[in-house]
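On a predicted model such as this, the values are computed, not experimentally measured, just so you know.
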Amino acid sequence: MKKEEIKELSIQELQARIEAAEKAYRELKVAHAISPSDNPAKITKDRRDIARLKTVLRQKEIAAAAEAASK
């Protein structure tokens, strides 16, 4: 997922995507522990995607809090 696509999502959509991505990541890690994955780089990619989602979510939360405080 590209940064521009992530920034367009709402806070609720970001939270839903994070939950789904973390679940898929955990399943991939378990599957990889049992038998090596064909594409181990996907584990790293998924972890970084989750970090990007969390970063944008936090930025939006801070912006919303600052906007609420200024009113």
Item to check | Straight-line distance of Q59 CD to K7 NZ, nearest 0.5 Å | outcome: 6.5 Å

Next on the checklist: Please report the interatomic distance CZ(R48) to CG(L53), rounded to the nearest 0.5 Å.
Outcome noted: 14.5 Å

Item to check | Side-chain heavy-atom pair K23, R26 within 4.5 angstrom cut-off | outcome: yes

Checklist outcome for this item: Between E67 and S70, the two heavy atoms sitting closest are O-OG, 2.8 Å

Checklist entry - Pairs in or reaching into residues 36-47: which pass side chain to side chain donor-acceptor pair (under 3.5 Å), with residues at least two apart or in two chains? => result K42-D46, K45-D49

Next on the checklist: Between K54 and E22 (salt bridge meaning N to carboxylate O under 4.0 Å), is one present in this structure?
Outcome noted: yes

Item to check | Y25-I18 co-clustered via ILVMFWY side chain contacts under 4.5 Å | outcome: no

Next on the checklist: Between R58 and E61 (salt bridge meaning N to carboxylate O under 4.0 Å), is one present in this structure?
Outcome noted: yes

Checklist entry - Can you hop from I50 to I43 via hydrophobic side chains spaced under 4.5 Å? => result yes

Checklist entry - Counting only N and O atoms by type, is there a donor-acceptor contact under 3.5 Å from the side chain of E13 to the main-chain atoms of S10? => result yes

Item to check | Gap between atom NZ of K3 and atom OG1 of T55 - 0.5 Å precision | outcome: 11.0 Å

Checklist entry - Do K60 side-chain atoms and L14 backbone N/O form a donor-acceptor pair below 3.5 Å? => result no

